[in-house]
Enquirer: 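The structure that follows is given in the form of structure tokens.
So that the names make sense, note that chain A is the first sequence line, chain B the second, and so on, each numbered from 1.
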2 protein chains.
Amino acid sequence: MLTLTRKTEYGLIAVCHLAQVGEKVVSARDIAKEQAVPLPLLMNVLKRLHRVGYVASVRGAHGGYTLTAAPEQLTLADIIEAVEGPVHLVRCTNPSRTARKCDRTARCFIRRSVAQVHNGLREFLGAVTIADMLTGAQAPAATDTPRVATQ
Amino acid sequence: MLTLTRKTEYGLIAVCHLAQVGEKVVSARDIAKEQAVPLPLLMNVLKRLHRVGYVASVRGAHGGYTLTAAPEQLTLADIIEAVEGPVHLVRCTNPSRTARKCDRTARCFIRRSVAQVHNGLREFLGAVTIADMLTGAQAPAATDTPRVATQ
DNA sequence: TGAAACCGTACCGTGCCGATGCTATATTCA
DNA sequence: TGAATATAGCATCGGCACGGTACGGTTTCA
């Protein structure tokens, strides 16, 4: 239904928080407290972000997380993919495993167009960086919304 | 999770089919047979499309549906909204009813940026017309995907 | 009058998301 | 060395929306 899951929301919040504090190591507990996010959920998300290498972890007392990727390089698409898996606008665009439920694939005369829209969506999400999110968050009256040009 | 529901898929298929046959009245049964789509589901979707006025219905024997809106005017966003309701990238962007679950709204420092992305997504979907889908479906190697400019 | 087709609504099962809990591992500090 | 802190990994569980089904009603035409 074209909606981000809460995991992604929490992931975005965490990453933006880490990007904001710079190199400082921040524990999941601190992020959860400051951003009013449920700690266990946040920890789950941070684990995934760690697994793909977007954040570094420091274990033990006074441990926590740091952002390893550059905010200008890290995109919304990256976060989504890391937290909730590859984006698939429709089942057809999912080449993997059991998702091959659609037996219409061969005769589907929309498939190509949908694939184009799918690519457009991915490009759109890949064009939004964490740095963008931060500047947009701080500027009170932020410019205008991202524009889309269908070419 | 950033995926269209099957209802929307069926809706797109139905609308594109109707756009392709022109002014001819086509029954849901025929569309279901030709496009290999489950008939009851297709009927549900066609009812919704009828309710918002994108298709006209002819009852009785030899009845069926016709597309009322112009394929160049009807967009992907229209279909999605008609079939599965308003698009909301996150709960915050949903101003209605019980969806106000996010108590972080006030202190959420990402909210504004997310809203911008949300608007960008809506514009993106609103820029894809049914006519686009049809030409894309017929042309084997269609131009390139829609581009996104984050400003 | 009966068949064909649309219309409306209600219902149910399943899969996924949101959420929780527990155990193991690693680091710091007293 | 032990206690406290914090991440790592996995397993489980409930709720809900989506996908699918069923039934009864209305309209039109042969």
Side-chain angles (χ1 to χ4, degrees), chain A residues 1-11 14 18 24-33 37-66 68 80 83-86 88 90-91 94 97-99 101-104, chain B residues 1-11 13-14 18 24-33 37-53 55-66 80 83-88 90-91 94 97-99 101-104:
Chain A
M1 359 80 217
L2 236 42
T3 302
L4 296 179
T5 64
R6 289 206 186 175
K7 286 178 190 168
T8 305
E9 287 181 41
Y10 298 154
L18 289 176
K24 200 165 56 173
V25 173
V26 186
S27 71
R29 186 181 304 271
D30 287 346
I31 300 179
K33 201 194 298 176
V37 165
L39 176 60
L41 275 292
L42 183 67
M43 292 181 72
N44 278 336
V45 172
L46 281 169
K47 285 173 205 170
R48 296 203 189 199
L49 290 173
H50 168 72
R51 217 173 298 169
V52 294
Y54 294 151
V55 302
S57 69
V58 179
R59 297 170 78 146
H62 301 111
Y65 293 94
T66 325
T68 55
I80 296 175
V83 172
E84 60 185 71
H88 295 295
V90 288
R91 264 153 300 283
N94 188 348
R97 37 172 199 157
T98 59
K101 279 298 185 98
C102 183
D103 52 349
R104 298 185 53 264
Chain B
M1 357 92 217
L2 237 38
T3 302
L4 296 180
T5 64
R6 292 211 180 168
K7 287 177 191 169
T8 304
E9 286 182 40
Y10 298 154
I13 291 169
L18 289 176
K24 201 164 57 171
V25 173
V26 187
S27 72
R29 186 180 304 268
D30 287 346
I31 300 178
K33 201 195 297 176
V37 165
L39 177 60
L41 276 290
L42 182 67
M43 292 181 73
N44 278 335
V45 171
L46 281 169
K47 284 176 216 167
R48 296 201 188 200
L49 291 173
H50 168 72
R51 215 175 301 168
V52 295
V55 302
S57 70
V58 179
R59 299 172 78 149
H62 303 109
Y65 293 94
T66 326
I80 295 175
V83 172
E84 61 185 70
V87 173
H88 294 297
V90 290
R91 264 152 302 283
N94 187 348
R97 39 180 196 148
T98 58
K101 279 297 185 97
C102 181
D103 52 348
R104 298 184 52 264

Enquirer: How many whole angstroms separate atom CZ of A/R48 from atom C1' of C/dC17?
Expert: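 Taking CZ of A/R48 and C1' of C/dC17, I get 10 Å after rounding.
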Enquirer: Within the distance-only criterion (no hydrogens, no angle test), does the side chain of B/T8 pair as donor or acceptor with the backbone N or O of B/E84 below 3.5 angstrom?
Expert: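 Looks like no, no N/O pair under 3.5 Å.
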Enquirer: Closest nucleotide of DNA chain C for A/V58 versus for B/R29: which of these residues is on the 5' side?
Expert: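 Residue closer to the 5' terminus by nearest nucleotide: B/R29.
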Enquirer: Name the closest nucleotide to the A/H50 side chain, picking from C/dC6, D/dA8, D/dA6.
Expert: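 Among C/dC6, D/dA8, D/dA6, the one nearest the side chain of A/H50 is D/dA8.
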Enquirer: Nearest-Å distance, CG (A/L42) to P (C/dT20)?
Expert: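 That distance rounds to 13 Å.
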Enquirer: Ignoring the backbone of B/S57, work out which of C/dC7, D/dA6, C/dA5 is nearest its side chain.
Expert: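 Of the options given, the side chain of B/S57 lies nearest C/dC7.
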Enquirer: Tell me the closest heavy-atom pair linking A/T3 and B/H88, and the distance in Å.
Expert: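 The pair with the smallest heavy-atom distance is OG1-O, 2.9 Å.
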Enquirer: Which residues pass the side-chain contact (heavy atoms from CB on, under 4.5 Å) test with A/R59, sequence neighbours left out?
Expert: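 Residues passing side-chain contact (heavy atoms from CB on, under 4.5 Å) with A/R59: none at all.
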Enquirer: What pair of heavy atoms forms the shortest contact from A/L18 to A/T66, and how long is it?
Expert: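 So the two residues come closest at CD1-C, 4.3 Å.
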Enquirer: Tell me: CG of A/L39 to P of C/dC22, nearest whole Å?
Expert: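 From A/L39 CG to C/dC22 P: 15 Å.
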Enquirer: Grab the CG-P distance between B/L49 and C/dC6 for me, whole Å please.
Expert: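 Rounded to whole Å, this separation is 13 Å.
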Enquirer: Can any side-chain N or O of B/S57 pair as donor or acceptor with the backbone N or O of B/Y65 at less than 3.5 Å?
Expert: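 Not confirmed, B/S57 side chain does not pair with B/Y65 backbone.
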Enquirer: What distance separates A/M43 CE from A/H50 NE2, expressed to the nearest 0.5 Å?
Expert: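 With rounding to 0.5 Å, CE (A/M43) is 12.5 Å from NE2 (A/H50).
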Enquirer: Summarise how protein sits on nucleotides 18-30 of chain D as a single string, 5' to 3': B when a protein heavy atom is under 4.0 Å from the base, S for sugar-phosphate-only contact, - for no contact.
Expert: SSBB---BBBBS-
Enquirer: In whole Å, I'd like the distance from the CZ atom of B/R51 to the P atom of C/dC6.
Expert: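 The answer, rounded to whole Å, is 15 Å.
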Enquirer: In whole Å, what is the span from the CE atom of A/M43 to the C1' atom of C/dG21?
Expert: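 Atom-to-atom, A/M43 to C/dG21, this comes out as 12 Å.
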